[in-house]
There are 4 protein chains.
Amino acid sequence: MKRIAILTSGGDAPGMNAAVRAVTRKAIHDGMEVYGINYGYAGLVAGDIRKLEIADVGDIIQRGGTFLYSARYPEFATQEGQLKGIEQLKKFGIEGLVVIGGDGSYHGAMALTKHGYPAVGIPGTIDNDIPGTDYTIGFDTAINTVLDAVDKIRDTATSHVRTFVIEVMGRNAGDIAMWAGLAGGADVIVVPEKEYDMKDVAAKITEGRERGKKHCLIMLAEGVMPGHEFAEKLSEYGDFHERVSVLGHVVRGGSPTAKDRVLASKFGWHAVELLKEGRGGLCVGVRNNDIVASDIIEILEQGKHQPDMSLYTINKEISL
Amino acid sequence: MKRIAILTSGGDAPGMNAAVRAVTRKAIHDGMEVYGINYGYAGLVAGDIRKLEIADVGDIIQRGGTFLYSARYPEFATQEGQLKGIEQLKKFGIEGLVVIGGDGSYHGAMALTKHGYPAVGIPGTIDNDIPGTDYTIGFDTAINTVLDAVDKIRDTATSHVRTFVIEVMGRNAGDIAMWAGLAGGADVIVVPEKEYDMKDVAAKITEGRERGKKHCLIMLAEGVMPGHEFAEKLSEYGDFHERVSVLGHVVRGGSPTAKDRVLASKFGWHAVELLKEGRGGLCVGVRNNDIVASDIIEILEQGKHQPDMSLYTINKEISL
Amino acid sequence: MKRIAILTSGGDAPGMNAAVRAVTRKAIHDGMEVYGINYGYAGLVAGDIRKLEIADVGDIIQRGGTFLYSARYPEFATQEGQLKGIEQLKKFGIEGLVVIGGDGSYHGAMALTKHGYPAVGIPGTIDNDIPGTDYTIGFDTAINTVLDAVDKIRDTATSHVRTFVIEVMGRNAGDIAMWAGLAGGADVIVVPEKEYDMKDVAAKITEGRERGKKHCLIMLAEGVMPGHEFAEKLSEYGDFHERVSVLGHVVRGGSPTAKDRVLASKFGWHAVELLKEGRGGLCVGVRNNDIVASDIIEILEQGKHQPDMSLYTINKEISL
Amino acid sequence: MKRIAILTSGGDAPGMNAAVRAVTRKAIHDGMEVYGINYGYAGLVAGDIRKLEIADVGDIIQRGGTFLYSARYPEFATQEGQLKGIEQLKKFGIEGLVVIGGDGSYHGAMALTKHGYPAVGIPGTIDNDIPGTDYTIGFDTAINTVLDAVDKIRDTATSHVRTFVIEVMGRNAGDIAMWAGLAGGADVIVVPEKEYDMKDVAAKITEGRERGKKHCLIMLAEGVMPGHEFAEKLSEYGDFHERVSVLGHVVRGGSPTAKDRVLASKFGWHAVELLKEGRGGLCVGVRNNDIVASDIIEILEQGKHQPDMSLYTINKEISL
């Protein structure tokens, strides 16, 4: 291939810019041309496409968000939208596409693949819930942002001897709650992957209180229930001076961590290697520290994200 | 005086520990003994009091919260509670009291003063809404914590071309909203001190959009109305892709900034100087860079916090 | 005036971008045109000048450094250079100039003033050593960056029971050392403004050690002597397991704090107000929380920066 | 086993406290008693040993350094020292020992093993240079601290169009330089594992300058040569306006990242599992995301740390 394009889609995640930078520079290094598509699939269909040079991706590795912008675009689920997108790509002479994003973005890439157009997916989402990879771009930054908040909340929880229910993102996956929970010294972690018994939660808090523990932190994935609802149910078992903290959009932004920037750079580099060899219909990922490429159709149809449940078990035993 | 005590009361604020450290060490340096009272006025009445040595306040200058703990204790508004408190202080041979906190804490100190017991107040609250001082301990840290969140939110707002309503603390005072708003490049600041017209807000966003501006940030003090309510009212004037972010308890904690630690150290040092001279019934503050002491009764009965409204005006003119 | 220009000069300081943004937008708000000059006085003489629009200063309020670049340019001390600069300004129809920087930058502005060209100085330097203002842009960020390092060094100092000599910037002014020293809980602060006795320093460390203190931090302004030299001299009085940490260029960069962004916005806004009224030959500053304008010739010839020495005294008494 | 002990040794690393917490609480959870040894092997030989309860390790997961203190103690390399240590352990009825630290610490653990005393090593050092594990405790925090400094330096480098040589830790291993270099967008990475040609370095800078690149960052592992020496040699090939920044002790401290806290918790948990089964003579590590235990003698005698050299290659191709 001589000319490829790149877009970011879905919710923004820290490290997306680092991935766009890596794709752009690796491609130029290898003698290819690179085009940036604004606003994800919406911009693809609309033809909001421009050539990227080395300097266009300078000084962005450290910035959160995505300088290619992102947008929701349900219309790309239709065959009409997909063919329109391919038409635009061909108009610009673009032979392959890199898509950075989450589940929805992968579906777009799969659709292009089924139409015979070479697309490669890069997992970029703070939720870490994409099959085919151990880690997604943005996850490491997100858990450190949550952790920073937890450390601050602990100050107040300790000062006032309170119980905090901290609601974090994670509709289907408890990764953020488990990582930030174990790292933040949470007393209880509540995630979609595991049943919980409110009576046990209450008992654990009481036990800690009796031993003189000042703060109590409950890390709750939003997928289980909203924080306020959880606090209300908990209050049926006693007065735990509970407060609720919902960590929302703040967790999406911020300068990416070292790990996210390195991961993004590796993913971007490998995506170009694949397209260079003319290979599409794939998504890159990291498995046991190795960068791998999986069939995107297989991943979406049969893959399943496997969170590291050992964190849950360990936290249970050391959060005395 | 030969023996004084210190307590923290009301909501915790970053820098309270630095103030307790300064009081303790300055007093010991000047040949006095210092006692720490746990849990604010509740601990005072209950006699939860212990001697503090130099090492007890070591390694706490950088920590958020208050290691003396805090508690709400409405009972201290009664004469009975106040006399019980004075009784406890006398039992321990304590001749003067330093109280760190906000409005409620000052009222406790004023009550003691009216009973003839020497108390000195130190303004400690993130809201900056205490009369008698230009700045309170914790305010500088709080606005930087808010700013950090705003910078993160801007990443996402830009990436998705969205309008964010950011609700920050401030029931009666718009200080946090104005400082963090001007510093964060907010398009609109909405505070209790100023009327606003939703039509103008909508017009400003539209104007920015038309000029190609990607993000729009509205900084809202909670005292005006909740963020969600504001967003809903705004949406009556058009579709601004608005999202709401409520920055809650996270803003209370965290390691204090340099300014807050320096201010806390100065306040603590001066409070001891006053008690050493046998002076009570006062509260310390900073006025035009000078540390001052005001009559606590006067301050509470006639004082009024004056926010720096020039920030509002300047932001209006430079947030194009 | 209808057309003004702005340049940044000397060492970069966090908040310079916020000041450029404020100048640009305030001027446009007031119906003026604004030109940005790259690379300070060097770019002025070379005519490296371009028009700035609202969007050019978007998304820069949070960024360290200066997007107008800076450069050392001793040639501007000559009459020839100055006249060349004025020629360039006139060529572009520019009627007034805002200069952001430190001492050297002010001298350039003074020279223009003496030639009858209206220039206004804004104090921007991390050292806080400019007369005519209590605080300079960048100082608050710098002391917080130093403080962050001190907090990290304390971890290691405590873990290994060591004495750290921390050398910070400040050739003639001890502001950084005093603020970060008091805020960081330094045991000893050594600044150009005060004599010190190495024997006393050694005695203080020994005293702390005997009381069980683990870490010892000495905050040293570079103007007194290099950190390694200080450590060597100290070691003549005993083995204090001393280590040296030199905080260099890292302290110049970084995202500006809330205070620096607010100060920069105020300064920029006021500088435009002055030029709008046709007033030049001035420098803005903050005095007792008020924004003031002083005669730049007077300030440079008779002004003297007055550091807040109360920090030194207070630290001496509470760093037991 | 019914009673185990734990010590930290060598340079402190962020996350050591999280590991001590995990060991202590996991052991108590499993019905064992835990003793903390102060000052590493020095405290072991001196008998500076105390029982740890649940609350002793409360509120430390977020703190840098090691609350058990560390110390260099070459005497433990002698048989006499080792036997004295075992004698102390037996005196306290301690049946197994967990050692957290780097290479030197492992040698102590190996010696105990050879004397028949069960010891388990946990890799804790910021350098990531321990065989038997992909990552050590503290490495992730250290590269993020370096990265934070690099982002700040970039501000100044860009503003002044300068070349910065950033010297980071790493005597034999280039891990820190490679990770922080790729993540920080370094133009050139110089590590002990790879030859470099100063002429190529100079050519690369020139190339970037000609393309309009403002900043140039060279990430140098201290093991290659000191930063000042490198800058001097570079200057023989042209005037690159080079500055040197040495990131020293600051990189050792700070609150651990999420990854380091999780890793430390896992390591601590597993070390106790091993001792519970009566197994010693091992060191824990992480291999391809799995926690593993290796024979400590084998690891020290034949193991070799394998840095991820793909980072070097990728950076070379994308740092245009």
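Quick note on labels: first sequence line is chain A, next is B, and so on, each numbered from 1.
- In this structure, the portion of A:Leu247 lying under 4.5 Å from any heavy atom of chain B is its side chain and not its backbone.
- Residue A:Phe67 does not touch chain B at all, counting heavy-atom pairs closer than 4.5 Å.
- Taking chain A as the reference chain and counting heavy-atom pairs below 4.5 Å, the highest number among B:Gly248, B:Pro14, B:Gly254, B:Gly40 is found for B:Gly254.
- Contacts between A:Val161 and chain B at a heavy-atom distance below 4.5 Å involve the side chain alone, from C-beta outward.
- Heavy-atom pairs under 4.5 Å with chain A were tallied for B:Leu68, B:Val250, B:Ile153; the largest tally goes to B:Val250.
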Short donor-acceptor contacts under 3.5 Å linking chain A with chain B:
residue, atom, partner, partner atom, Å
A:Asp12, N, B:His160, NE2, 3.1
A:Asp12, OD1, B:Thr156, OG1, 3.2
A:Asp12, OD1, B:His160, NE2, 3.2
A:Asp12, OD2, B:Thr156, OG1, 2.9
A:Tyr39, OH, B:Lys214, NZ, 2.6
A:Thr66, N, B:Ser159, OG, 2.8
A:Ser70, N, B:Ser159, O, 2.7
A:Asp155, OD2, B:Gly254, N, 2.9
A:Thr156, OG1, B:Asp12, OD1, 3.2
A:Thr156, OG1, B:Asp12, OD2, 2.9
A:Ser159, O, B:Ser70, N, 2.7
A:Ser159, OG, B:Thr66, N, 2.8
A:His160, NE2, B:Asp12, N, 3.1
A:His160, NE2, B:Asp12, OD1, 3.3
A:Lys214, NZ, B:Tyr39, OH, 2.7
A:Gly254, N, B:Asp155, OD2, 2.9

